[in-house]
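Written out below as structure tokens is the structure these notes cover.
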Amino acid sequence: MRMPMIAGNWKLHKTRAEAAELINGLKSELAGLAGVEVVVAPPFTALETAAAALAGSGILLAAQNCYPEPTGAFTGEVSPLLLKDAGCRYVIVGHSERRQLFGESDEFINRKVHALVRDGLGVILCIGETLEEREADRMFDVLRRQVRHGLKGLAPEAMAGVVVAYEPVWAIGTGKTATDEQAQEAHAFVRALLREQFGPDVADATRILYGGSVKPGNVDGLMTQPDVDGALVGGASLKTEEFARIARFQPA
Ligand code: PGA
């Protein structure tokens with residue numbers, strides 16, 4: 001009942017020309033693919049080019065970040081409405097790189113979630129523990145805090161526009177994927193948190209993506225897990241064949 005999502009987070013990669021080339025490759029590799037929502041998140045400067053290249057393809061556009069205010073004196077920032085105007089359907093918030101490198105708090109991320117819901121954009125909320133937190137047995141506390149605070153104050157109906165991405169920080173860009181069992185354990189826990197916070201219907205309907213070194217070689221096992229509803233892909237989303245194979249995952 002949950003439509004799988006495969007989303008590519010391009011991070012700080014791709015000029016406009018490179019973005020168009022990657023998208024054109026994906027369009028031909030993924031032509032006719034059904035039953036999965038495919039999303040790409042280029043850097044801000046390539047969004048307009050990407051939107052034009054994606055037109056009519058069924059692949060959806062996302063941004064990697066936003067600021068929670070609609071307009072104003074916020075030099076260097078981009079609002080949900082500007083991203084919607086550029087053709088975005090989703091915005092990634094709370095990525096661990098933004099939490100770690102740019103000091104983003106759960107409270108600030110929550111403001112972004114509310115701004116996106118208000119302006120009719122889909123949210124991909126990233127959560128996940130560091131290796132230190134996992135080894136200190138704090139993983140569940142960290143996930144609980146990030147889910148509770150990140151989604152604080154949302155009405156259950158608003159959750160229809162929210163996707164959660166579980167991305168263990170130790171698996172991002174390291175080539176160390178969580179095992180299928182580790183991913184399933186965390187996803188089941190996150191779904192239980194959603195049940196407590198929003199009730200069973202929302203918990204059953206909300207997609208929970210796994211992220212962290214997802215590759216063609218491990219996506220099938222991950223997607224076989226009952227609570228893994230898709231993937232947020234970094235490095236492998238920059239290569240047409242790799243991302244296309246991930247989007248064409250084959251669960252056992
Ligand atoms: P990775 O990145 O696939 O390169 O590990 C995932 C992410 O940061 O979303």
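Values below: all heavy atoms of this structure, side chains included; hydrogens, waters and symmetry mates excluded. Remember, it's 1-based here, ligands and their atoms both numbered in the order they're listed. None of these values were measured; they are calculated from a predicted model.
- The aromatic rings of H187 and Y166 lie perpendicular to each other, with more than 60° between the two planes, well past the 30° mark.
- When heavy-atom distances to ligand 1 are checked against 4.0 Å, the residues falling inside are N9, K11, H95, E167, A171, I172, G173, G212, S213, L232, V233, G234, G235, ordered by chain and number.
- Take E129 and apply the salt bridge (Lys or Arg N to Asp or Glu O under 4.0 Å) test, not counting sequence neighbours, and it matches R134.
- When only modelled atom types and interatomic distance are considered, E18 and H13 share no side-chain donor-acceptor pair under 3.5 Å.
- For the side-chain contact (heavy atoms from CB on, under 4.5 Å) test, residues two or more places apart in sequence or in another chain that qualify with R191 are R2, R195, A203, I208, D227, D229.
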For residues 44-60, dump all side-chain donor-acceptor pairs below 3.5 Å to protein atoms at least two apart in sequence or in another chain.
residue: S57; atom: OG; partner: L54; partner atom: O; Å: 2.6
residue: S57; atom: OG; partner: I59; partner atom: N; Å: 3.1

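- For the pair R98 and F102, the distance from NZ or CZ to the six-membered ring centre is under 6.0 Å and the angle to the ring normal is within 45 degrees.
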